[in-house]
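Structure below; questions to follow.
Atoms within each ligand, like the ligands themselves, are counted from 1 in listed order.
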Amino acid sequence: MEQEFFTRVDGELYCEGVKVKEAAETFGTPMYLYSAAHLRKRYRDFEEALKGSPHRICFAVKACSNVNILDLFAKEGAGFDIVSGGELYRVIKAGGDPRSCVYAGVGKSKAEIEYAVENEILYFGVESEPELERINAAAKKLGKKARVALRINPDVDAHTHEYITTGKSENKFGLAPEAARTLYLKMASAYPYVEAVGAQVHIGSQITETAPFLEGAKKLAAFIKELKVQGVSLKYFDIGGGLGIVYQNEDPATPAALVNELLPLVKELGMTFVCEMGRYMCGNAAMLVASVEYVKRTAKKNFVVVDAGMNDLLRPALYEAYHEIKAVEEKEEKFVCDVVGPICESADIFRKDCEIPAVEADDLLAICSAGAYGFSMSSNYNSRGRAAEVLVEGDKARLIRKRESFEDQVRNETTCE
Ligand SMILES: *Cc1c(COP(=O)(O)O)cnc(C)c1O
């Protein structure tokens, strides 16, 4: 269900109409294999839930940043949530509209701010007063007015992993409501080159219940209401991203359920609903396909050593995240093993003590639900080229990023003669 476009037919694993095994033969491994139908369906789930109400659905670029995937979302009509100048560049490169971008992050540089002002993004999600000063200065210099939404830290516990909780008062993100209020009230006089157009919360990631979203949105709504009385009215009500997906046995809220609970608050204020989903849109849209290099049997354990590592998919090492692992070809016999990568780190483990078909060298494994924060967090650690990315549409598989070569890895290094 969760990876509904990855199915098994007569023992053969498919991504839409493409055999995973054939894609692996064509493009090699490790390979990220994405389903376009899944990406579109997830976007349309939100469109459907928000139909008839003013809204803007932004795709959080950092979850999966390939320009071909951004292009797919742009064609659906998506806006984008960006966190760097590089991401804005990708959106523009993909044919996305910079004026549909909302820009978050605590450390925006002067150059990044100018680049975004120049491209007239929808708004900056402002995280501090010094940042607002910089935006004001950049807009003045460029002869423009920059739109902003202050990011309010609502002090809400999102009930998720501590590394992906962002809306508690001890987190580095956003402004405390009182500080934000002061800023809104003095903005027009103190920062004449910026215009307040919205307010935002973003409380974390992989949130499976609606309650924390509702708590955050209620606090935001109360804040906005009071602000209106004080003479500041805003257009965009931005609930951030963070809706969770199924990795194992989670039962996440649907977009319809989430929107049903939050939309009345936004409508009452006559505002435009904005969300910035990343993981929900793409997490279940891809598998990381890897080949078995060795089956290493020790006195204590069986280790299945695959050709993908923590440089390709960091989440298990970074967050102890769970990813289901399937054999691409079914086998009668099963065994209990640790599935590990080739990297020289003990944290380079995809799963411990899992029961999978008794694979052998050169068999293929699929590491499931790897579409979000998978390739986009990958690195060249251990001087390994980044994996290939392949996008499936129906019965066609298209290479959307070449596997990196040795040459690619040293290209930007100055050579010693
Ligand atoms: C990362 C991020 C998102 C997306 O989070 P998901 O959990 O992938 O939906 C949205 N908004 C902001 C500000 C973010 O930093």
* Who passes side-chain hydrogen bond (donor to acceptor under 3.5 Å, both in side chains) against Glu209, sequence neighbours left out? ->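 Glu209 satisfies side-chain hydrogen bond (donor to acceptor under 3.5 Å, both in side chains) with no residue once adjacent residues are dropped.
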* **All pairs passing side-chain hydrogen bond (donor to acceptor under 3.5 Å, both in side chains) where residues 56-78 contributes a residue, at least two apart** =>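 Non-adjacent pairs meeting side-chain hydrogen bond (donor to acceptor under 3.5 Å, both in side chains): Arg44-Glu76, Asn66-Asn68, Asn66-Glu389, Asn68-Arg398, Asp71-Lys75.
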* Asked: Who pairs with Tyr193 by side chain to side chain contact (heavy atoms under 4.5 Å, CB included), at least two apart in sequence or on another chain?
  ->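 Scan of Tyr193 (side chain to side chain contact (heavy atoms under 4.5 Å, CB included), adjacent residues dropped) gives Asn136, Ala139, Lys140.
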* Asked: Do Arg386 and Tyr32 meet the criterion of a side-chain donor-acceptor pair at a distance under 3.5 Å?
  ->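 Arg386 vs Tyr32: no donor-acceptor pair found between side chains.
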* Residue contacts for ligand 1, heavy atom to ligand atom, distance under 4.0 Å ->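 Those residues closer than 4.0 Å to ligand 1 by some heavy atom are Ala60, Lys62, Asp81, Ala104, Arg151, Gln200, His202, Ser205, Gly241, Gly242, Glu276, Met277, Gly278, Arg279, Tyr373.
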* Identify whether NZ of Lys or CZ of Arg in Arg42 sits under 6.0 Å from the centre of the six-membered ring of Tyr280 and within 45° of that ring's axis. =>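 Geometry flag: set, cation within 6.0 Å and 45°.
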* Spacing of Ser291 atom OG and Leu365 atom CG [to the nearest 0.5 Å] ->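 That separation rounds to 8.5 Å.
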